[in-house]
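Ligands are counted one by one from 1 in listed order, and the atoms in each one are counted from 1 as well.
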Amino acid sequence: MNTTPALVTRFAPSPNGHLHMGHAFSAIYAHDLAKSAGGQFLLRIEDIDGPRSRPEYADEFRRDLEWLGLEWEEVAPQSDRLESYQDAAGRLLATGLAYKCACTRKDIEALDARKGDDGVIYPGTCKGRCAKSDEPAATRLDVDKAMNDLGELIWIDEEAGSVIADPREFGDVVIVRKDLPASYHLAATLDDAADGVTVVTRGADLFAATHVHRILQELFELPTPHYHHHDLLLDNDGQKLAKRRGSPALASRRESGEDGLMLAEQLRLQQSLSGT
Ligand code: GLU
């Protein structure tokens, strides 16, 4: 008998600060989508941000989700999967689809190159150059080469429809950071496949990242999940909620005795009113 659940979603927070209402919204969204289809809702702790990743935040997240009345199955944290990231990046290096890059942030900022939303688009300065073995180096994906080899790729997005993946706007993205054995793009793509995630739900701020993830899926011959990039909750000034802007923490609300189940219901109502 095949017992694999038909629909698998996940919530994948980084334990580098408190969760806020935006995270609660996102977790409830993924949870309800899975539960309403008799599927599975996973929690994956994305803890590969060096000393910024703290286990006490991960513990706090579990208490927050429980307080909101969610039920989940927790899968291995990213810190337990470093070998799989290294192995995958090694395969791309071996086939010439990735290269080592020793440029510093300062070197890159000083380049006379095109700029995108996140600053200078890396123009491939280190491509074809051999980094010295003792030089700290990141690994970058050769996006043009990957795009030429792969042809047109699409993903299906609940909100945007059928989207043609084109990560060229990012330049040659980093797949292994200098200081870490992976990058968000590489780790999230490999993990979603390893965890059997069939629907990736996350905020619209990560929509652009999916262009990169789609290419990586194809390079590693991984299945392509469906995507829901839901709207973001905004604060009273119309600004996106963010850990770094000190948006009110779920933990403080929980510790002040607020009813988490009621809060979850309000967020569900908001979701159905906005049609997200
Ligand atoms: N770990 C990421 C974050 O906390 C989420 C990644 C994702 O959902 O793909 O922003």
Side-chain angles (χ1 to χ4, degrees), residues 8-34 40-50 52-62 64-65 70 72 74-82 85 117-118 155 157-160 163 165 167 170 173-175 177 180-217 222-233 240-247 249-251 276:
V8 181
T9 64
R10 56 35 165 208
F11 178 55
S14 302
N16 54 18
H18 303 291
L19 297 183
H20 52 61
M21 288 282 276
H23 295 108
F25 180 83
S26 208
I28 292 168
Y29 188 90
H31 172 271
D32 290 4
L33 189 66
Q40 208 177 8
F41 170 60
L42 308 178
L43 171 66
R44 182 174 71 230
I45 302 293
E46 302 209 323
D47 58 347
I48 50 165
D49 211 0
R52 292 181 67 227
S53 296
R54 304 215 323 240
E56 56 272 31
Y57 281 125
D59 288 341
E60 183 181 290
F61 295 173
R62 296 181 191 101
D64 290 341
L65 297 185
L70 306 189
W72 67 92
E74 184 160 349
V75 292
Q78 290 192 324
S79 54
D80 282 359
R81 309 185 193 212
L82 303 182
Y85 309 145
D117 291 346
D118 295 327
W155 83 80
D157 203 284
E158 188 62 25
E159 287 74 23
V163 184
F170 295 91
V173 283
V174 169
I175 53 168
R177 282 167 48 171
L180 291 170
S183 70
Y184 159 63
H185 294 308
L186 180 68
T189 305
L190 294 174
D191 293 349
D192 283 335
D195 296 337
V197 173
T198 60
V199 185
V200 171
T201 64
R202 58 186 172 209
D205 53 338
L206 286 169
F207 181 88
T210 306
H211 286 279
V212 179
H213 300 185
R214 182 67 191 90
I215 300 299
L216 290 174
Q217 283 154 8
L222 303 174
T224 305
H226 279 233
Y227 287 85
H228 282 255
H229 291 97
H230 59 73
D231 285 346
L232 299 178
L233 286 192
K240 171 183 143 183
L241 302 177
K243 286 177 192 162
R244 64 177 182 286
R245 260 202 301 280
S247 297
L250 290 184
T276 297

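Minimum heavy-atom separation, P225 to P223: CD-O, 3.5 Å.
Ligand 1 places these atoms under 4.0 Å from at least one heavy atom of E46: 1 (N), 2 (C), 5 (C), 6 (C). In the vicinity of S14, heavy-atom distances shorter than 4.0 Å reach the ligand 1 atoms 1 (N), 2 (C), 3 (C), 4 (O).
Applying the ring pair (Phe, Tyr, Trp, His ring centres under 6.0 Å) rule to F11 yields no partners; only residues at least two apart in sequence or on another chain are considered. Shown here are the ring pair (Phe, Tyr, Trp, His ring centres under 6.0 Å) partners of Y57, two or more places apart in sequence or in another chain: H18.
Heavy-atom separations between A188 and ligand 1 are all 4.0 Å or longer. Residue contacts with ligand 1 include Y184, since one or more of its heavy atoms lies under 4.0 Å from the ligand. Using a non-hydrogen distance threshold of 4.0 Å, H23 does not register as a contact of ligand 1.
Among the candidates R10, H229, H228, the single residue satisfying the side-chain contact (heavy atoms from CB on, under 4.5 Å) test with V200 is R10.
Contacts between R10 and ligand 1 below 4.0 angstrom, taking non-hydrogen atoms only, involve the side chain exclusively.
Ring orientation note: the planes of F170 and H185 are nearly perpendicular, at an angle over 60° on the 30°/60° scale.
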